[in-house]
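Just below is one structure, and these are the notes that go with it.
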Amino acid sequence: MNERRPMIAGNWKMNLNVKESLDFARTLLKETAGVEETDVLVAPPFTALRAVGETLAGSRIFLGAQNMHWEAGGAFTGEISPSMLLDAGCSHVILGHSERRSLFGETNEMIDRKLGAALQAGLIPILCIGETLEEREGGRTFAVIEKQLEESMKGLLKTGSMPDSVILAYEPVWAIGTGKTATPEQAQEVHGFIRKWLGRTFDPGLAAKIRILYGGSVKPDNISELMAKEDIDGALVGGASLKAQSFVPIVKYARI
Ligand code: 13P
């Protein structure tokens with residue numbers, strides 16, 4: 001057993017209006033009451049953050065945002081700052097999701113800035129990395145992951161240290177929303193690689209504390225075998241996080 005607390009996080013993406021989000025948050029509060037062995041987080045769309053934050057206040061469910069800008073404020077139409085997320089009740093923020101990278105042109109350099117800004121503001125980042133199918137089939141998975149880590153953590157690398165609260169999420173792009181989960185062995189191989197890299201780059205004691213979540217078609221029927229792997233510390237769930245009937249069993253995977 002390691003000392004890392006498992007985390008199950010739901011990324012709602014661009015789904016659920018305020019009323020739907022509130023109804024769902026209330027259901028989750030009820031149905032996950034008593035779950036103490038696992039951290040639970042939901043990341044609703046920006047418009048529902050505040051309302052969901054108020055509903056979850058004082059509960060064990062953490063509130064995360066799906067993105068943010070690195071600037072503190074100013075003329076950045078359409079963007080949201082770190083302090084605005086704190087103001088809405090967020091403790092966490094997802095950064096560098098593959099949909100942000102591929103559909104909205106986010107680069108490692110931008111993600112590096114966001115990571116620094118999130119930490120400075122006191123938000124816990126969930127930094128996403130992952131290879132495409134083409135990269136995997138070309139035998140470049142580890143090179144791609146290493147480059148994403150090096151470039152999106154440039155600021156942290158300069159300081160030579162990293163807060164142990166930072167969460168990483170390995171999300172192979174080919175497994176997101178496709179129904180194709182990485183096998184537990186494929187996921188473990190990359191998670192192990194990431195932890196070794198953290199150990200080499202920062203220090204092994206820190207690497208042992210960092211939580212690395214897996215994301216990509218996580219469902220109630222594959223969560224347990226993924227969580228059984230040594231370096232898989234949780235899941236970042238998309239589609240299956242939108243319904244209590246699929247998200248609750250994932251949260252309660254340890255009890256099934
Ligand atoms: P799915 O669980 O729908 O594959 O999405 C994964 C994801 O992108 C979570 O951030």
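Just follow the structure's listing: the first ligand is 1, and inside any ligand the first atom is 1. What's counted below: heavy atoms across the whole structure, side chains too, no hydrogens, waters or symmetry copies.
- The nearest heavy-atom contact from the protein to atom 2 (O) of ligand 1 is Gly238 N, 2.9 Å.
- Of all atoms in ligand 1, listed by their number and element, those nearer than 4.0 Å to a heavy atom of Asn11 are 9 (C), 10 (O).
- In this structure, the side-chain hydrogen bond (donor to acceptor under 3.5 Å, both in side chains) partners of Thr181, at least two apart in sequence or on a different chain, are Asn222.
- The proximity of Ile176 to ligand 1, defined as any non-hydrogen pair under 4.0 Å, involves the side chain as well as the backbone.
- Scanning the protein for heavy atoms near atom 5 (O) of ligand 1, the closest one is Lys13 NZ, 3.3 Å.
- Checking only distances, His97 does come within under 3.5 Å of ligand 1, N or O to N or O.
- Atom 9 (C) of ligand 1 has its closest protein heavy atom at Glu171 OE2, 2.9 Å.
- No donor-acceptor pair closer than 3.5 Å links the side chain of Thr201 to the backbone N or O of Leu198.
- Of all the heavy atoms of Ala175, the ones lying under 4.0 Å from any atom of ligand 1 belong exclusively to the backbone.
- Under the side-chain contact (heavy atoms from CB on, under 4.5 Å) criterion, Lys252 pairs with Val35, Val248, Arg255, sequence neighbours left out.
- For Glu20, the CD atom sits in a packed shell: over 12 heavy atoms of surrounding residues, nucleotides or ligands are nearer than 6.0 Å.
- For a threshold of 3.5 Å applied to N or O pairs, the pair formed by Gly215 and ligand 1 contains no separation below that value.
- Interface of Ser217 with ligand 1, defined as ligand atoms under 4.0 Å from a residue heavy atom, comprises 1 (P), 2 (O), 4 (O).
- Annotation for Gln120: atom CD does not count as buried by contact number, only 12 or fewer foreign heavy atoms lying within 6.0 Å.
- Between Gly177, Ala169, Cys128, it is Gly177 that holds the heavy atom closest to atom 4 (O) of ligand 1.
- For ligand 1, the polar-atom distance check against Gly239 finds a nitrogen or oxygen pair separated by under 3.5 Å.
- With Ser152 contributing its side chain and Asn108 its backbone, the two residues share no donor-acceptor pair below 3.5 Å.
- Listed by atom number, the atoms of ligand 1 under 4.0 Å from Gly216 heavy atoms are 4 (O), 6 (C).
- Within 6.0 Å of the NZ atom in Lys154, the count of heavy atoms belonging to other residues, nucleotides or ligands does not exceed 12.
- Using bins of under 30°, 30° to 60° and over 60° for the plane-to-plane angle, the ring pair His191/Tyr170 lands in the perpendicular bin.
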